[in-house]
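Throughout, protein chains are lettered first and strands after them, A, B, ... in sequence-line order, and every chain is numbered starting at 1.
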Amino acid sequence: MRFSKLHLLKCGHFDDHEMAFPAGGSMDFQIVYGPNEAGKSTTMSAITALLFGFTGKEKFDFRFNRLLMRVGALIENGSNELSCRRRAGNALTDFDDRPIDGALLANLIGGQTADSFNRMFSLNHTGLREGGQAILAARDDVGQAIFAAGSGLASIATLLKALEDQSTAIWAPRASVERSYYVALESHKEAAKRLKAAQTKPAFWDDRKSRVVDLEAELITAKERREILARRRGDIERKRRTLPNAVRRIEILEGLAALEAIPRLPADTKSRLDTIEKELLTYNTELRLAASQAADALTGIDGIEINEALLGRMREFQILRERKGAVEKGEVDVPDLQSKAEAGRTRLGPLLRDLGWAIEDAMQVEARLPSRIVQTQIEDLLSKIQLNESVLKAARDTEANRKNDADKLRDEDDPSLDEVPFEAIKAHVRVATEKGDVDDAVAKATRALRGKEQTLETALARLIPWTGSVEDLDRLVVPTADNARSAAKAIDEAQKAVELLRASLAEKAKKIREEEFERDQLLASAGAVTAERLSGVRSDRDAVWHTLRNHMLGESLVSHPATEVTHYEDLISRADAVADQRFDGASASAQLAVRVHDLERLKFDEKGQEEELAAAGIVLGAAEQAWRNTLAATGMMITAGEYLAWLAAHKQALDAAVLVREAGAILQEANVKREEARSALVSSLAAANIIYLPDAPTAALKELTDDFVREFEGKQKARLRKQGQLIAADAAVKLAKEAILKAEQERHDLAIEFADVPGLLGFEHETSAETVRLRSKLFGEVRSIVDEVKGYIQRVKDIEKDNMAFYASLTELARDVGIEQISGESPKALLVRMLADVAEMQIQHQARVHLQTQYDNAKERETAAQAKLDATNALLAPILRAAASEDTEALRLILERAQLRDNLEADLERIDKEIVAAEPGKTLQSLLFEVAEIEMEVLVQALGEIETELADLEAAIERATAQHANAKAEFEMLNDGPDAIQAASDQAQALAEMEAQAEAYVGLRTEVAILRYAVERYRKEKQGPLLRRASELFSKLTLGGYAQLLVDASLQKPRLCGVRAGTDEVVGIDGMSEGTVDQLYLALRLAAVENIVASGLKMPFLADDLFINYDDERSQAGFEALGELARQTQVLFFTHHEHLLEVAERALGPANANICRLRSRP
Amino acid sequence: MFKFLHAADIHLDSPMHGLPSYIGVPVEEVRGATREALKNLVKLAIEEEVSFVVISGDLYDGKWEDMSTGLFFCREMARLGTKGIDVFLIYGNHDAESKITKKLPLPPNVRDFGSRKAETLIHEPTKTALHGRSYKDPAMFENLAAGYPPRVDGSFNIGLLHTALAGKPTNHEPYAPCTVAELTAREYDYWALGHVHDFDIISREPYIVFSGNLQGRSVRETGAKGGVLVTVDDGTICDVQHVPLDAVRWTAVEVDLAGCCSNNDLQTATRIALGAAIDALGWPGPLMCRVVMTGETEMNDLLGRSDLTLRDDIRALAAQFGDHVWIEKIIIDTSPVPASVGTLASEADEMVMLFDAGLEDPALMALLDSELTEFSNRIPDALFDNSPVLQAIRAKSFDKILHRAAKALATRTAAGTGP
């Protein structure tokens, strides 16, 4: 395939830029020249994108939107042409943007991918340099060098090394801590070691357990022996302790025998005797003391004398003493009261003068005063008159004030408000309010309509290639989806049939080329001669012979017979030679015949399939035409598949149109509402005489009316409030007038009532109420002072009467009790003396009572003491009888002897107990018997022997105990801890890790093996022809510096070498300069590409400034080498070096170097 | 009414298999899982106030030779003894092999059945007759059930048997074979079976029950593991309940990568599958997951790349579910998307064709064999037990390995970035 045109529509900075690559001449070499940033790289990337699709990584969208990107080309393939275009989204279309089948392009690409295309058919300076490096890296590996160049995989050595490094990092024969497998292995070993150490084997555990049991048994035996000895030692020690007690016991028994005659008195005899003696002493003392006290009390009583009469009137004395204080106070108060009465009289004087009364006696004054009832009535009347005056004044004030208020309210009233048609205005406002926010509703409906219209517009745009109005859309009759699916299925099946046949034909063509190649090889190399060729040369010969024969026969003469004869002889020789050659190469010729036959058969088949393809094409065409017919009514030309997508868009467009209509209706409705609302508001404003802007928003009009309504309602409320106030003021005036009338009537009545009052108060003529009030007040003060003076006089009289009665009682009582009043003695002094006598008599009386009590008590104690004394003596008598004693002294001697006997008996009991306690279970007698014949020395000796043996035994037990404890501790160390399972668990984990590492290692080594295998196979299959061709190219590129390439197989590891021209010096890659290695890579690479192209995959070869480091001479050689490739396939050479254009023309010939110039970027 | 607890296959102190060590794995829980499970058993028995516990064999791993394991078992059984709970046990094939069994004295509340013949022990408080026979040898192919005593009338009858019941597809040795019919014929009320590591109620009339093992120890033992709590009322079983007792749980999560094209897709699919599995289990303790990638995916080739990056990625992803979820291993069992234009195109690449060309070539197999022979010889046999890849190497069956590696290599070269 080749590019005839390249069309960059919107790509990078290109805008509808077309490049033409004309064919013609012996080679197809296209030079794309442009200065830096003219778009060479973009063009190369665009070619890849066109063939394989956009990857999204291209930087094509810096000028135009990505969605606008288009790359197109006119591609020629033999006699066929394909116009195609790739757009964003990777759809493939024709130049009219109609989708085309991707398989058309895929067939041309021959199954290449973008990767493989770039690797093989695209080479830039970087790739060239990397390729050179790859060959260097492969150094002594011819296979890798060839592979790197031939496959284009420059990183083969790097990849191989990386895989090997990765695998080596896991495992290699030599163990290392750097290798992950060995790290896991070490963990495994370490865990195994820990496991071994941590495990307690059953046999070991059993052994340790037995040892503990044995030592325990040994210890028990020793302890048992110690027990026996201890018992024996205890036995002897007991006997040693019993022996002294036995001796003492005998002594006690002898003592008791001596006291046998002493009578056995009760145990408490001594204590009872002590108590009795003590009580006798006490009772005697009490008896004496009580008698003495009785005598003393009797003497005291006899010495006291008492005045019984005085004592009998004690209560009366008490009353007089209590009254004495009041009498004394009265005597003090009388002068004071008398002076106060006098002062009252003095204050009365001026008042009486005011009244014009010349009276000094208070009683007389009182008689002239009006009665208290009359005065009260007069004061009451005066109060009423005063109150009436106040009421009348208040009523008159109220009447004046409220009348004033009413006048003011009448002035303020605004009757013009009644003229405004307020209810009508409110009704209009209600209408407008009910419509809501009409402006907003209209705006929203408008926006909604715009949105729907845009959606419809977008939906209509999606219907392209169909175009038309909404009405057209409604009228449009479209095929159904089922129709489209049926058509798509038919076309798809037909296309598949065509593709299959095309693929088969391509395969056939390839086989035919192979057969032709083999045939040509047979013809060229092995001397095979086809029958046709033999027949051909013989025909040539026979033709000349016929000419000569006719000449000889004279039928037709030749002009130069000799020349013709020589020519005939040459033809005879050639025919013979061909016949001989055919005979010599009979075998090859036979093969050739077979090849030719096969070739013919293949061609026959090819022709047949071409006919089938034509038929399939017709079917496809018919299916496509049928679809076009179906679609004709729509005026579109799209595939059935696209139509299905279009149909979905069609439905969306119809739906969108419905929505637009609905939105339009909503908007219309909103507009009507708005007009209604505005009309109502305008009416309101006109009625209210409010000026407004006709084109003001509805909301503004509404606000104006709302403000008016609010204000008017405020005014209405204020007016109503004042009207209420006016009514209230009028009512108040009326009430005030009534009150005035009432008060005036009352004043009149009071005046009549008042007419008699002056007379009552002593006025002889008519007098004013005020004068009356003053005189009445004066009467009141006089009456008050008169009452006060009268009170003082009465109290003096009462005091004097009480005091006289007190002194009379005093004198009478003194006489009754026989106390004489001393001459000149005042009654008060008499009273004092009498009270002193009474007090003395009370003291004497109490003393005598106290002594009498003492006497009675003493006599009672005396009697009691005597009774106790008698009783105690009665207790002592039986004790003396029991002891056969006459007195207590003898009794005490007997008691001492009895005590001695008791002590000895207690000692005996104690000793017996000690003896028995030393060996419980044995009787006293048997124990006494045991020690009856024993000597103390014998016991001491036996005890010593036992102590010695016990000491030895203790040491032995101590040793055995330690051994047992150790063994037991050791055994207990073998516990149920998890150490072993922890180690085993770690071991299992390490094993799993080893497994993971091992699997990774196997995978990596397998990849290494495959890669090596591929390299080796490539070398085997390709090395020969590739090296031969590369050798020629290398010689050319090095300007003959190197004559050829060869593989030096004499070394242990074959290596790629160059042979210097002239000297035949063999130079390894490591001996070549970097530039030469680059040329070597280019030679190998071009040879590989030629090989691929020769195999039938004719893809254009893109070369991007490969010669930037070459001088002109080498560049020319490079162009020549590329030119040879251009004889087989298209070469697109990109450069920004203008001088290379001339070099190229020199190398390729002006006719062969087509130059396409890119403009500088604006 | 009384309760008893049926357990089997305790395999005390048997280590977890297949879990590689990586940072953060709860080492202590993993190490001590079987012990913790036994503690849980004892705790349950005490809390439920069971009358007795029956253990149907395999207390220990056969080759395990650490007496501390036995001592731990005895200590836990003694704890039951302090609560008046008796234990009846038979020895299984592992116990018959174990030296621990032979040396260890059991606490007084534990009663074991002899191996010479089947015998009957009576639990007096509940009047339960327990029939059982221990294994004498590790490999017991005799039908032990046939020799079990007849039921004791008037008692509740339990048979303890360590058996690979006929007809039950297991990967266990076919020891003490017998049939359900034979067991039923004994007319016992409950057969407490051991040996099979999955809980299974084989029959309900009478109850024939495998309790399964107490603690899963590898990805082959997934799901909840524990014991069976049986409630008996008036001689009739009224409840049989499997109670999970495990301390660490295993699960295998299949991640279907169909439709996944990128690492992001893979991460998302794995996150969803893991999340669903974790939710379904509802297990808050340590959870060991094996992730098996399946499905036809365009990532098939990429997944073949033999590095440990994927493992690290999935481990990191698991960590997002909390610190109790761990990845045991990732198995790639995906397949390529069936032929498409893309596949055809890549196959057209000469280099890829070269990689594929060798897959049937004995020369490549020989080359690989020589590459791996030394490695294969030097790694321990234990590694081959659980690894199909390594087993294939030993069997010189390179086909699958080569295919996967070839695809991986193609991906590396297409990416152009090397490994």
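- Heavy-atom distances place the side chain of B:L372, and not its backbone, under 4.5 Å from chain A.
- Neither the backbone nor the side chain of A:L1097 comes within less than 4.5 Å of any heavy atom of chain B.
- When all heavy atoms of A:P202 and B:I100 are compared, the pair lying nearest together is CG-N, 4.0 Å.
- Partners of B:W64 under the side chain to side chain donor-acceptor pair (under 3.5 Å) rule, at least two apart in sequence or in another chain, are B:T69.
- Of the inter-residue distances, the one linking B:L364 atom CG with A:E1016 atom CD reads 12.0 Å to the nearest 0.5 angstrom.
- If you tally non-hydrogen atom pairs under 4.5 Å between each of B:E371, B:K102, B:K99 and chain A, the highest count goes to B:E371.
- Along residues 71-79 of chain B, the residues that come nearer than 4.5 angstrom to chain A, judged on non-hydrogen atoms, are B:L71, B:F72, B:R75 in order of number.
- When heavy atoms are compared at a cutoff of 4.5 Å, A:A198 approaches chain B solely by way of its backbone atoms N, CA, C and O.
- Residue A:Q989 comes nearest to B:V30 through the heavy atom pair NE2-CG1, 4.4 Å, listed as atom of the first residue, atom of the second, then distance.
- In this structure the side chain of A:Q987 never reaches within 4.5 angstrom of the side chain of B:P15, judged on heavy atoms.
- Heavy atoms only, all atoms of each residue included: A:T1006 and B:L402 are closest at CG2-CD2, 3.6 Å.
- Looking at B:K329, the atoms closer than 4.5 Å to chain A (heavy atoms on both sides) all sit in the side chain, from C-beta outward.
- Taking the side chain as every heavy atom from C-beta outward, B:R35 and A:P978 approach each other to under 4.5 Å.
- Most heavy-atom pairs under 4.5 Å with chain A, from the set B:E374, B:M16, B:H17: that is B:E374.
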* Can B:R311 and A:E993 be said to form a salt bridge (Lys or Arg N to Asp or Glu O under 4.0 Å), step by step? -> CA-CA 12 Å; B:R311 184 176 82 166; A:E993 183 62 23; 3.3 Å; yes
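- Neither the backbone nor the side chain of B:E328 comes within less than 4.5 Å of any heavy atom of chain A.
- The side-chain heavy atoms of B:V27 and A:D986, taken from C-beta on, include a pair separated by under 4.5 Å.
- The distance from atom CD1 of A:I1010 to atom NE2 of B:H403, rounded to the nearest 0.5 Å, is 9.5 Å.
- Looking at B:I401, the atoms closer than 4.5 Å to chain A (heavy atoms on both sides) sit in the backbone and in the side chain alike.
- Residues B:L409 and A:L159 meet the side-chain proximity criterion, which asks for heavy atoms closer than 4.5 Å.
- For a residue to count as touching a neighbouring chain, one of its non-hydrogen atoms must lie under 4.5 Å from one of that chain's; by this rule A:V1008 touches chain B with the side chain only.
- Distance check: B:L367 CG to A:R1005 CZ gives 9.5 Å after rounding to the nearest 0.5 Å.
- Taking 4.5 Å as the limit, every side-chain heavy atom of A:M994 sits out of range of all side-chain heavy atoms of B:I379.
- Residue with the most contacts toward chain B among A:A990, A:A203, A:A1014: A:A1014 (heavy-atom pairs, distance under 4.5 Å).
- Residue pairs meeting the side chain to side chain donor-acceptor pair (under 3.5 Å) criterion with at least one partner in residues 196-206 of chain A, sequence neighbours excluded, are A:D206-B:K103.
- When side chains are defined from C-beta on, B:R378 counts as touching A:W171, because their heavy atoms get closer than 4.5 Å.
- How far OG of A:S985 is from CD of B:E28: 9.0 Å, rounded to the nearest 0.5 Å.
- Contacts of B:N386 classified as side chain to side chain donor-acceptor pair (under 3.5 Å), with partners at least two apart in sequence or in another chain: none.
- Pairing each heavy atom of B:D66 with each of A:A980, the nearest pair is OD2-CB, 3.0 Å.
- Considering only heavy atoms from C-beta on, B:M365 stays 4.5 Å or farther from A:Y1013 through its side chain.
- The two residues A:I981 and B:S14 come nearest to each other via the heavy atoms CD1-C, 4.0 Å.
- Within 6.0 Å of NZ in B:K396 there are more than 12 heavy atoms belonging to other residues, nucleotides or ligands.
- Neither the backbone nor the side chain of A:F52 comes within less than 4.5 Å of any heavy atom of chain B.
- Shown here is A:R208, whose CZ atom has more than 12 heavy atoms of other residues, nucleotides or ligands within 6.0 Å.
- Neither the backbone nor the side chain of A:F204 comes within contact range of chain B; no heavy atoms are under 4.5 Å apart.
- Residues A:K209 and B:P105 come closest through the heavy atom pair NZ-CG, 3.7 Å.
- Between the CZ atom in A:R1017 and the CG atom in B:D361 there is a gap of 6.0 Å [rounded to 0.5 Å].
- Using the six-membered ring where Trp is involved, B:F375 and A:Y1001 have ring planes that are tilted, between 30° and 60° apart.
- Neither the backbone nor the side chain of B:T34 comes within less than 4.5 Å of any heavy atom in chain A.
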